[in-house]
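Structure first, commentary second.
Positions are given from 1, in the same order as the sequence printed here. We count ligands from 1, going down the list as the structure has it; atoms in each ligand are counted the same way. Here the structure is a predicted model, which is why all the values come from computation and not from measurement.
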Amino acid sequence: MRRRFDKMEGLGNDFVIFDARREALAMDATLARRLADRQLGIGCDQLILLEPSDRAELRMRIWNHDGSEVQSCGNATRCVVALTGARTIETAGGLLSGSAAGDRIEVSLGEPRFGWDEVPLDYPMDTAALPMRWGPLEGPAALSVGNPHLVFFVPDSATVSLDELGPAIEHDPAFPERINVNVASIAPDGALQLRTWERGAGLTRACGTGACATAVAAIRARRAVSPVEVRMTGGTLRVAWAPSEPIRMTGAATHVFSGEIAL
Ligand SMILES: N[C@H](CCC[C@H](N)C(=O)O)C(=O)O
């Protein structure tokens, strides 16, 4: 059976999107891994499946490059809004809303969660600063923005060996669902410079939920003021948040090509 897909990217974080709202498509870890493989398949950081929803205009399901199905993906959400024009999206991480903002897309990710069991962590800890260390990285904030994130603030995020430290932190037993690892520094103009080791995908050029988690942690710790610019390898996102408000992220979403593949 041949199925159409759209290839899209948000700041270099790339996606293969199948629209299964009219014709169901059975996706599983094995198929997602093959489609995401850059030699054996189409190639992407995350595989996205759109399905009907009775709570929003559509449901978005997300599989990482390693085949793990997860709750939320910020950059892909902007791409799905741009591709479909949907304004409400159901995900396992919560209900999202989005709209075009000039040549950018704005998405509301809902409110962050700071409870140790909401991240989740394996046991109670102060999520504002976990009493943990991995090499030079210590005392991260932990939060959920629909998916789990750690945020480390360092003098210069460009000098951290995230390719080495990322896997050890992602798979630490303290994180029963694994975790996304963000390392950020504060630029002289108050912007955040962020690099992310993504759960299930490794180093990516940008991470939308990582940018949101890092901005929330910075605003909460009074290291930054909302709205804050988050600069990543693949480009910049603008994140706005205040306590008891949803997180709002604004940035680019680009259609690269459409294609067909035999499944
Ligand atoms: N790796 C993430 C999913 C993709 C997040 C990222 N691509 C984004 O733009 O938010 C996780 O396992 O929770």
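Taking the ring axis of F114 as reference, the NZ or CZ atom of R220 stays within 45° of it and closer than 6.0 Å to the ring centre.
Distances shorter than 4.0 angstrom do not occur between any heavy atom of I62 and any atom of ligand 1. Heavy atoms of S72 come nearer than 4.0 angstrom to ligand 1 in at least one pair. Distances shorter than 4.0 angstrom do not occur between any heavy atom of G200 and any atom of ligand 1. At a 4.0 Å cut-off, at least one heavy atom of N180 sits close enough to ligand 1 to count as contact.
Counting heavy atoms from C-beta on, the side chains of V70 and R199 come closer than 4.5 Å.
A salt bridge does not link E51 to R21: none of the charged side-chain nitrogens sits closer than 4.0 Å to a carboxylate oxygen. The existence of a salt bridge linking R38 and D14 is confirmed by a sub-4.0 Å separation between a basic side-chain nitrogen and an acidic carboxylate oxygen. For D66 and R178, the salt-bridge test passes: some basic side-chain N is under 4.0 Å from an acidic carboxylate O. Using a cutoff of 4.0 Å between basic side-chain nitrogens and carboxylate oxygens, R113 and E111 are not scored as salt-bridged. Classification of D189 and R231 as a salt-bridged pair holds, one side-chain N sitting under 4.0 Å from a carboxylate O.
Using a 4.0 Å cut-off between heavy atoms, T209 contacts ligand 1 through both its backbone and its side chain. If you look at A201 next to ligand 1, there are no close heavy atoms at all, none under 4.0 Å. Within the 4.0 Å heavy-atom criterion, the part of N64 lying near ligand 1 is the side chain and not the backbone. In Q46, the part holding a heavy atom less than 4.0 Å from any atom of ligand 1 is the side chain.
The atoms of ligand 1 that sit less than 4.0 Å from any heavy atom of N147 are 2 (C), 11 (C), 13 (O). Residue contact check: G74 has heavy atoms under 4.0 Å from atoms 8 (C), 9 (O), 10 (O) of ligand 1. Of all the atoms in ligand 1, the ones that sit under 4.0 Å from a non-hydrogen atom of N75 are 8 (C), 9 (O).
For R3, the CZ atom counts as densely surrounded, since its 6.0 Å shell holds more than 12 non-hydrogen atoms of other residues, nucleotides or ligands.
Proximity annotation for atom 6 (C) of ligand 1: of M249, H149, E198, E198 comes nearest, heavy atoms only.
Counting protein heavy atoms only, atom 7 (N) of ligand 1 is closest to N13 OD1, 2.8 Å. Here the heavy atom of the protein found nearest to atom 9 (O) of ligand 1 is G208 N, 2.8 Å.
Of the candidates D45, N13, T204, N13 is the only one forming a side-chain hydrogen bond (donor to acceptor under 3.5 Å, both in side chains) with N75.
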